[in-house]
Amino acid sequence: MATTVSFAVDSPAGSRTVEVAYERTGGGAPLVLLHGIGHHRQAWDPVLRILAAERDVIAVDLPGFGASPALPDGFTYDVGTMVPVLGSLFETLGVVRPHVAGNSLGGLLALELGREKLVRSVTALSPAGFWTPSERRYAFGVLRAMRAAARSMPMPLIEKLSESSPGRTALTSTIYARPGRRSPGAVVAETVALREATGFRQTLEAGLTVAFTDDVPDVPVTVAWGVKDRLLLRRQGVRAKQAIPGARLVRLPGCGHVPMNDDPAAVARVVLDTSR
């Protein structure tokens with residue numbers, strides 16, 4: 001069950017209130033989980049129980065996604081805004097320099113948080129920002145097509161497709177290597193989350209100028225990439241290693257762009273190992 005918290009964030013127009021929905025479970029060192037664009041905190045559900053056995057896990061719906069409302073008027077969805085928003089969230093929740101793990105957009109934000117020394121360690125799963133211009137155009141084209149498809153389908157069709165493995169494959173094979181493993185309810189919920197994400201367009205627009213080229217010194221970093229990632233191709237992991245020489249680069253066999261569902265045990269082990 002999600003909890004919603006409100007907190008103030010400064011902006012050029014003055015202080016504004018931001019609301020964020022999150023789920024918190026487990027015990028131990030705090031670990032914040034960040035999802036990708038168009039997704040929601042439930043993307044982490046397959047690994048939540050494993051992580052919560054050793055960590056105080058906080059799964060976040062980023063502003064404009066899942067159960068979190070859009071950012072206030074005048075706020076942009078770029079990293080320059082999102083990093084301070086997440087930093088303020090950490091303060092509000094009483095976690096000082098938590099470990100953080102992120103997927104795709106969440107991986108990019110996790111690395112930015114690491115660069116700003118706001119977190120204790122970073123696990124980035126297929127993080128955005130290590131693309132060439134052509135790879136970015138391809139990924140954004142796929143994301144726009146997924147969003148358009150989700151918005152065009154009536155709910156009865158989404159529910160019908162989710163009932164069969166071929167239907168779940170049709171809905172989610174772009175992000176999962178093993179879409180048949182996703183439950184029907186989860187597929188329906190994430191398809192709805194994609195079509196209702198109020199921050200989708202602005203986040204995608206902000207990503208047009210994103211390129212992560214700086215190091216993340218003095219913070220343990222693991223970059224993990226699904227070998228079968230069809231959205232952000234795995235060769236981008238090599239560029240991530242070149243940009244962050246101290247990072248550990250891990251391949252995730254049999255995993256797609258959102259690997260938590262494809263191999264929960266492997267992903268949980270990578271996150272736990274990084275956040276020691």
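In this chain, residues are counted from 1 in sequence order.
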Tell me whether [X] shares a hydrophobic cluster with [Y], the cluster being built from Ile, Leu, Val, Met, Phe, Trp, Tyr side chains joined at under 4.5 Å.
{"X": "Val227", "Y": "Val270", "value": "no"}
{"X": "Tyr138", "Y": "Val210", "value": "yes"}
{"X": "Val188", "Y": "Trp44", "value": "no"}
{"X": "Val60", "Y": "Phe7", "value": "yes"}
{"X": "Leu118", "Y": "Val5", "value": "yes"}

Starting at [atom1] of [X], measure out to [atom2] of [Y] and round the result to the nearest 0.5 Å.
{"X": "Leu161", "Y": "Leu171", "atom1": "CG", "atom2": "CG", "result": "5.0 Å"}
{"X": "Ser183", "Y": "Gln42", "atom1": "OG", "atom2": "CD", "result": "10.5 Å"}
{"X": "Arg230", "Y": "Ile175", "atom1": "CZ", "atom2": "CD1", "result": "11.0 Å"}
{"X": "Leu48", "Y": "Leu33", "atom1": "CG", "atom2": "CG", "result": "7.0 Å"}
{"X": "Ile158", "Y": "Glu190", "atom1": "CD1", "atom2": "CD", "result": "11.0 Å"}
{"X": "Leu113", "Y": "Met82", "atom1": "CG", "atom2": "CE", "result": "9.0 Å"}

With Ser275 via side-chain hydrogen bond (donor to acceptor under 3.5 Å, both in side chains) - residues at least two apart: Arg55
Partner set under side-chain hydrogen bond (donor to acceptor under 3.5 Å, both in side chains) for Glu205, not counting sequence neighbours: Arg201
Ignoring hydrogens, what is the shortest heavy-atom contact between [X] and [Y]? Give both atom names and the distance.
{"X": "Asp262", "Y": "Gly254", "value": "CB-O, 3.9 Å"}
{"X": "Ser162", "Y": "Pro184", "value": "O-CB, 3.3 Å"}
{"X": "Ala43", "Y": "Met260", "value": "O-CE, 3.5 Å"}
{"X": "Val187", "Y": "Arg168", "value": "CG2-CD, 3.7 Å"}
{"X": "Gly246", "Y": "Lys241", "value": "C-NZ, 4.4 Å"}
{"X": "Pro264", "Y": "Val47", "value": "O-CG1, 3.4 Å"}

Please name all residues satisfying ring-ring contact (aromatic ring centres under 6.0 Å, His included) with [X], sequence neighbours left out, ordered by chain then number.
{"X": "Phe90", "answer": "none"}
{"X": "His40", "answer": "none"}
{"X": "Tyr22", "answer": "none"}

Among Leu62, Ile58, Leu125, whose side-chain contact (heavy atoms from CB on, under 4.5 Å) with Leu34 holds? Leu62
Please say which of Leu111, Leu232, Leu108 ends up in a side-chain contact (heavy atoms from CB on, under 4.5 Å) with Phe130. Leu111
Counting heavy atoms not belonging to [X], are there more than 12 under 6.0 Å from its [atom1]?
{"X": "Arg151", "atom1": "CZ", "value": "no"}
{"X": "Arg24", "atom1": "CZ", "value": "yes"}
{"X": "Lys117", "atom1": "NZ", "value": "yes"}
{"X": "Arg49", "atom1": "CZ", "value": "no"}

Starting from the C-alpha separation in whole Å, work towards a yes-or-no answer on side chain to side chain donor-acceptor pair (under 3.5 Å) for His99 and Thr274. CA-CA 9 Å; His99 300 284; Thr274 307; over 6 Å; no
In the structure I gave you, are the side-chain heavy atoms of Leu252 and Asp229 within less than 4.5 Å of one another anywhere? no
Below 4.5 Å, heavy atoms only, C-beta onward: do Val85 and Leu89 meet side chain to side chain? no
Taking the side chain from [X] and the backbone from [Y], do they hold a donor-acceptor pair closer than 3.5 Å?
{"X": "Arg195", "Y": "Met153", "result": "yes"}
{"X": "Arg147", "Y": "Gly38", "result": "no"}
{"X": "Asn103", "Y": "His257", "result": "yes"}
{"X": "Arg182", "Y": "Thr172", "result": "no"}

Let me have the donor-acceptor pairs involving side chains of residues 67-80, under 3.5 Å, with sequence neighbours excluded, atom names and distances please.
from	atom 1	to	atom 2	distance (Å)
Ser68	OG	Ala21	N	2.8
Ser68	OG	Asp61	O	2.5
Thr76	OG1	Asp78	OD1	2.9
Thr76	OG1	Asp78	OD2	3.3
Thr76	OG1	Thr81	OG1	3.0
Tyr77	OH	Leu71	N	2.9
Asp78	OD1	Thr81	N	3.1
Asp78	OD1	Thr81	OG1	3.0

Would Glu54 and Leu31 satisfy side-chain contact (heavy atoms from CB on, under 4.5 Å), going step by step from the backbone distance to the final call? CA-CA 10 Å; Glu54 301 186 39; Leu31 168 65; over 6 Å; no
Output, in order, the C-alpha distance, side-chain angles, deciding distance and verdict of side-chain contact (heavy atoms from CB on, under 4.5 Å) for Val271 and Ile50. CA-CA 10 Å; Val271 175; Ile50 307 173; over 6 Å; no
Would you check, one step at a time, whether the test side-chain contact (heavy atoms from CB on, under 4.5 Å) holds for Val219 with Arg97? CA-CA 11 Å; Val219 175; Arg97 293 193 72 222; 4.3 Å; yes
Any chance you could lay out the side-chain contact (heavy atoms from CB on, under 4.5 Å) test for Trp225 and Gln236, step after step, and finish with the verdict? CA-CA 9 Å; Trp225 227 283; Gln236 295 173 32; 3.6 Å; yes
Measure from NZ or CZ of Arg115 to the centre of the six-membered ring of Phe212, then state whether that distance is under 6.0 Å and the direction lies within 45° of the axis. yes
